[in-house]
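All residue numbers refer to positions in the sequence shown, counting from 1. Since the structure is predicted, the reported quantities are computational estimates derived from the model, not experimental observations.
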Amino acid sequence: SILDLTGVVSTPSGPLAGASVSCQNSVSITDALGRFCFTDLSPGSCTVSATASGYIITGQQVTIPATGSGGAWAALDAVPRLSGTVKLPAPANTPIAGAAVWVEPSGGGSAVATTVSDCAGNFALPVAAASYTVYTDHPTYNTTRSLSVDVTSSAACVSFTLGDAGGAALCTQ
């Protein structure tokens, strides 16, 4: 019998290609659809873990069956190290689409990642583990906001508010 493990690594926006997945001292790289596969594994419990630049990926415990053909399935969630929202202040709390968001190393330097907020005011930046200053700006509101974040050991969520009563704060994921 062939004992195998198949699965997928995905982000909130879709599959994650190029992630390195490990199980029982073997490594598989995810394809364009975020899929991975291991064959001829030893039966029993094992941990499936994965890494990808700019993402935090939660591992999963799986059990490879002792007999029969087939195997186990694992679905791993990849979260960008830095995400958040850009909105107007309360009471409106209206999302702001098209706000520029960029990240610079703490202490200065040029931008290491840039994006724009989507229609719901959301953004995500897969950055390497480090300390950064995150900035946002939108020409309509003529206000640049910034916040220092540390994404060395966990992901960070930043909530930006543009306009006269605006600001920036860490938020919960």
Side-chain angles (χ1 to χ4, degrees), residues 1-87 93 95-103 105 111-132 134 136 147 149-160 169-173:
S1 66
I2 297 176
L3 305 176
D4 65 2
L5 168 67
T6 57
V8 65
V9 178
S10 60
T11 71
S13 60
L16 182 60
S20 177
V21 183
S22 300
C23 181
Q24 293 185 359
N25 298 318
S26 295
V27 176
S28 177
I29 305 298
T30 57
D31 66 13
L33 298 176
R35 299 176 300 194
F36 60 88
C37 181
F38 295 96
T39 59
D40 211 15
L41 297 174
S42 300
S45 182
C46 65
T47 300
V48 181
S49 59
T51 59
S53 180
Y55 291 90
I56 294 173
I57 304 173
T58 304
Q60 183 178 355
Q61 194 75 16
V62 298
T63 301
I64 308 300
T67 61
S69 61
W73 169 263
L76 304 179
D77 294 322
V79 178
R81 285 195 175 273
L82 182 59
S83 61
T85 60
V86 183
K87 295 183 178 185
N93 287 326
I96 299 175
V101 181
W102 67 98
V103 179
V112 295
T114 62
T115 191
V116 294
S117 58
D118 65 15
C119 293
N122 299 316
F123 66 89
L125 292 163
V127 295
S131 295
Y132 298 100
V134 186
T136 189
L147 185 69
V149 297
D150 184 349
V151 293
T152 53
S153 60
S154 63
C157 176
V158 179
S159 176
F160 286 110
L170 292 176
C171 54
T172 58
Q173 288 281 5

Quick check: do Thr6 and Arg35 have side-chain heavy atoms less than 4.5 Å from each other?
no

For Thr30 and Gly34 the tightest heavy-atom approach is CG2-O, 3.4 Å

Any non-hydrogen side-chain atom of Phe38 less than 4.5 Å from a side-chain atom of Val21?
yes

From OG1 (Thr136) to CH2 (Trp102), nearest 0.5 Å
6.5 Å

SG-SG distance between Cys46 and Cys23 under 2.5 Å?
no

Between the side chains of Ser13 and Thr11, does any donor sit under 3.5 Å from an acceptor?
yes

I want to check something: taking the side chain as every heavy atom from C-beta on, are Val62 and Trp73 in contact at a cut-off of under 4.5 Å?
no

Euclidean distance, Phe123 CZ relative to Thr85 OG1, rounded to 0.5 Å
7.0 Å

Are Gln61 and Ser45 close enough that some pair of their side-chain heavy atoms sits under 4.5 Å apart?
yes

Verdict with reasoning, Asp77 to Ser10, per side chain to side chain contact (heavy atoms under 4.5 Å, CB included):
CA-CA 5 Å; Asp77 294 322; Ser10 60; 4.2 Å; yes

So Val158 and Cys171, do their side chains get closer than 4.5 Å, heavy atoms only?
no

Contact summary for Ala113 and Val127, nearest pair of heavy atoms
CB-CG1, 3.9 Å

Which atom pair, heavy atoms only, marks the closest approach of Leu125 to Pro80?
O-CB, 4.1 Å

Where Arg81 and Thr152 come nearest, the two heavy atoms and their spacing:
NH1-O, 4.1 Å

Beyond-backbone contact of Val103 with Val112, side-chain heavy atoms, under 4.5 angstrom
yes

Is there side-chain contact between Tyr55 and Val9, with at least one heavy-atom pair below 4.5 Å?
no

Which pair of heavy atoms, one from Leu76 and one from Ser49, lies closest together, and at what distance?
CD1-C, 4.4 Å

Could you pull out the closest heavy-atom pair between Val149 and Ala156, with the gap in Å?
CB-CB, 4.3 Å

To the closest 0.5 Å, what do you measure between CG (Asp40) and CD1 (Ile64)?
11.0 Å

Atom OG1 in Thr51, atom CD1 in Ile56: separation rounded to 0.5 Å?
12.5 Å

Any side-chain heavy-atom pair from Leu5 and Gln24 closer than 4.5 angstrom?
no

Taking Ser117 for its side chain and Ile96 for its backbone only, find out whether a donor-acceptor pair lies under 3.5 Å.
yes

